[in-house]
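To keep things clear, I will list the structure first and then write my remarks on it.
The model shown is predicted, which means the values in this text are computed figures rather than measured ones.
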Amino acid sequence: MKVLTKISVIALMLTVALSQAVVGFDIDYVGAIETDLHAPTSLSVSADRVAVLEPYSNQIKLFTPDGIISKKFNLTGDIHSLVRFSGDSYLFCNRDDNSIISIDLEEGIEAPLFDASAIIEQPIDLIYHDSHLYILDAGRLSILVYDNQLVLTDEIPLRNFDGTPMNSVTSFDRNEINGYFYLLSQLDSRVIVIDQAGAIVRNVASFGGGEGQITRGGEIAVTVEGFILVTDRYQGQIVIFDPEGQFVGNIGAESGYPLDVPTGIDVDENGLIYVSSTMNSAIKIFYVNLQANNDQAVMTAWPVSPEDGADISSDE
């Protein structure tokens with residue numbers, strides 16, 4: 001845009017300070033997928049499909065976003081955890097031979113992702129973020145990090161404050177903003193937050209039936225804003241914490257939405273929470289108003305005096 005003027009132009013810069021205070025906890029029950037399921041556990045939700053892992057029937061099933069089953073595949077082995085890798089390719093853990101299996105859900109072809117020389121010992125959970133594959137290895141007590149060429153680039157040790165190994169971690173997720181990992185320790189019912197070097201940042205939750213406590217965790221998920229969601233199978237609820245680890249609330253019987261043995265959990269790009277109930281073989285979908293509160297906005301202005309005929313961007 002050409003500016004032909006001799007007067008000063010005022011440019012404004014807006015700086016917004018964001019806090020992590022929650023301004024609402026409204027739960028909306030969106031619906032449920034209840035047909036063609038048999039004790040679903042792990043979920044991998046995308047914009048175009050919902051993939052469901054069923055260890056007891058040894059199947060992966062694909063549903064459309066509106067809950068219509070589109071495909072099912074029979075698998076072999078002790079299958080656990082599920083993550084979309086690329087396109088129609090998904091990954092899961094086979095605990096029979098401690099391998100990572102890739103399956104093309106269009107062709108139904110499955111094959112080991114790594115050859116026998118891989119250092120993987122006991123994979124129990126998977127994450128795929130930013131073209132990196134993260135494997136929670138209970139045998140090595142570490143998180144294995146592979147790049148997009150499936151080259152091992154890092155091994156993050158899982159150790160407590162006193163240096164002892166974290167023996168009971170069963171599920172994990174990663175915050176894409178700060179790179180922290182969130183580990184669900186099933187033995188002592190807590191969430192351990194570690195940085196990319198393995199140093200403990202904080203502990204979240206504790207064992208019990210009170211506010212912010214969990215009894216028998218299933219899986220963990222972290223939203224894009226950093227909120228922590230944990231399925232509590234024994235108490236039949238999802239326990240929610242803010243990014244700083246403060247208790248926010250529950251989705252369960254107390255909030256009017258009872259869950260039967262909730263296990264797997266995932267959050268889609270629109271913030272919808274999908275949780276698998278293994279007891280009544282259903283996937284229930286919720287929307288929860290988890291948002292940051294804009295505490296204050298600080299506006300700073302300064303004069304800008306362009307010369308005649310100067311170019312100023314449309315943003316300015």
- Derivation and outcome, side-chain contact (heavy atoms from CB on, under 4.5 Å), residues Tyr134 and Val83: CA-CA 11 Å; Tyr134 303 90; Val83 65; over 6 Å; no

- Please assess Leu133 against Leu91 for the test side-chain contact (heavy atoms from CB on, under 4.5 Å), listing each intermediate value before the final yes or no. CA-CA 10 Å; Leu133 176 64; Leu91 304 178; 3.8 Å; yes

- Could you walk me through whether Ile100 and Cys93 pass side-chain contact (heavy atoms from CB on, under 4.5 Å), step by step? CA-CA 5 Å; Ile100 306 298; Cys93 303; 4.0 Å; yes

- Can you check side-chain contact (heavy atoms from CB on, under 4.5 Å) on Val230 and Arg190, steps first, answer last? CA-CA 10 Å; Val230 181; Arg190 64 182 168 128; over 6 Å; no

- Query: Step by step, would you call Asp115 with Ser117 a side-chain hydrogen bond (donor to acceptor under 3.5 Å, both in side chains)?
  - Reply: CA-CA 5 Å; Asp115 60 29; Ser117 64; 2.4 Å; yes

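In the hydrophobic clustering of ILVMFWY residues, with side-chain heavy atoms under 4.5 Å counting as a link, Tyr257 and Val288 come out together. Follow the hydrophobic side-chain contacts under 4.5 Å out from Val204 and you reach Phe247 in the same cluster. When hydrophobic clusters are built by joining Ile, Leu, Val, Met, Phe, Trp and Tyr residues whose side-chain heavy atoms come closer than 4.5 Å, directly or via intermediates, Val193 is grouped together with Phe241. Taking hydrophobic clusters as Ile, Leu, Val, Met, Phe, Trp and Tyr residues chained together by side-chain heavy-atom distances below 4.5 Å, Leu126 shares a cluster with Phe85. Residues Ile238 and Ile285 do not share a hydrophobic cluster, clusters being chains of Ile/Leu/Val/Met/Phe/Trp/Tyr side chains in contact below 4.5 Å.
Two residues are said to be in side-chain contact when any heavy atoms from C-beta on lie closer than 4.5 Å; Asn98 and Ile120 fail this criterion. Between Ser42 and Glu219, some side-chain heavy-atom pair lies under the 4.5 Å cut-off. At a threshold of 4.5 Å between non-hydrogen side-chain atoms, the residues Pro243 and Phe227 count as touching. Taking 4.5 Å as the limit, some side-chain heavy atom of Leu141 sits within range of a side-chain heavy atom of Asn167. In this structure, the side chains of Ser255 and Asn250 stay at 4.5 Å or more apart for every pair of heavy atoms.
The closest side-chain donor-acceptor pair between Thr263 and Thr41, if any, does not fall under 3.5 angstrom. Between Gln122 and Asp137, the side chains place no donor N or O within less than 3.5 Å of an acceptor N or O (distance only, hydrogens not considered). Defined by atom type and a distance below 3.5 Å, a donor-acceptor pair is present between the side-chain atoms of Thr164 and Asp162.
With sequence neighbours excluded, no residue forms a ring pair (Phe, Tyr, Trp, His ring centres under 6.0 Å) with Tyr274. Residues satisfying the side-chain contact (heavy atoms from CB on, under 4.5 Å) test with Asp130, not counting sequence neighbours, are Arg174, Glu176. With sequence neighbours excluded, the residues satisfying ring pair (Phe, Tyr, Trp, His ring centres under 6.0 Å) with Tyr146 are Phe114. Under the side-chain contact (heavy atoms from CB on, under 4.5 Å) criterion, Asp232 pairs with Ile214, Thr215, Tyr234, Gln235, Gln237, Val239, not counting sequence neighbours. Legend: residues meeting salt bridge (Lys or Arg N to Asp or Glu O under 4.0 Å) with Glu54, ordered by chain and number and at least two apart, are Lys61. Evaluation of the salt bridge (Lys or Arg N to Asp or Glu O under 4.0 Å) rule for Asp36 yields no partner, not counting sequence neighbours. Every residue meeting the salt bridge (Lys or Arg N to Asp or Glu O under 4.0 Å) condition with Asp88, not counting sequence neighbours, appears here in chain and number order: Arg49. The side-chain contact (heavy atoms from CB on, under 4.5 Å) test applied to Asn270 returns Asp268, not counting sequence neighbours. Take Asp195 and apply the salt bridge (Lys or Arg N to Asp or Glu O under 4.0 Å) test, not counting sequence neighbours, and it matches no residue. Under the side chain to side chain donor-acceptor pair (under 3.5 Å) criterion, Arg233 pairs with no residue, sequence neighbours left out. Considering only residues two or more places apart in sequence or on other chains, Ser81 meets the side chain to side chain donor-acceptor pair (under 3.5 Å) condition with Asp125. Residues meeting the side chain to side chain donor-acceptor pair (under 3.5 Å) test with Ser142, sequence neighbours left out: Glu155.
Between Tyr90 and Ala51, the shortest heavy-atom contact is CE2-CB, 3.6 Å. Across all non-hydrogen atoms, the minimal contact from Glu110 to Phe92 is OE1-CZ, 4.0 Å. Here the closest non-hydrogen pair linking Ser171 and Ile220 is OG-N, 3.3 Å. In this structure, Ile119 and Leu152 approach most closely via the heavy-atom pair CD1-CD2, 3.4 Å. Scanning all heavy atoms of the two residues, the minimum distance from Tyr287 to Gly271 falls at CD1-O, 3.8 Å. Shown here for Val169 and Leu183, the closest heavy-atom pair between the two residues is CG1-CB, 3.8 Å.
No more than 12 heavy atoms of other residues, nucleotides or ligands lie within 6.0 Å of CD in Glu254, so this atom counts as exposed by the packing criterion.
With rounding to the nearest 0.5 Å, the separation of OG in Ser189 from CG in Leu184 is 8.0 Å. Once rounded to the nearest 0.5 Å, the distance linking NE2 of His80 with CD1 of Ile124 reads 6.5 Å. Atoms CD1 and CG, from Ile135 and Leu113 in turn, are 7.0 Å apart once rounded to the nearest 0.5 Å. Of the inter-residue distances, the one linking Ser281 atom OG with Ile33 atom CD1 reads 13.0 Å to the nearest 0.5 angstrom. Here the CD1 atom belonging to Ile109 is positioned 10.0 Å from the CZ atom belonging to Phe73, to the nearest 0.5 angstrom. The structure places CD1 of Ile60 at 9.5 Å from OG of Ser44, a figure rounded to the nearest 0.5 Å.
Between the Asp173 side chain and the Val222 main chain, a donor and an acceptor come within less than 3.5 Å of each other. A donor-acceptor contact shorter than 3.5 Å is absent between the side chain of Asn160 and the backbone of Gly163. Side chain of Asp96 to backbone of Asp78: a donor-acceptor contact under 3.5 angstrom is found. Under the 3.5 Å distance criterion, the side-chain polar atoms of Asp147 are left unmatched by any main-chain donor or acceptor of Ser131. Side-chain atoms of Gln186 come within 3.5 Å of backbone N or O of Gly217 as a donor-acceptor pair.
Considering Ile251, Thr223, Ile228 in turn, Ile251 is the only one that fulfils the side chain to side chain contact (heavy atoms under 4.5 Å, CB included) rule with Ile240.
Using cut-offs of 30° and 60° for the angle between ring planes, the Tyr29 and Phe286 rings count as tilted.
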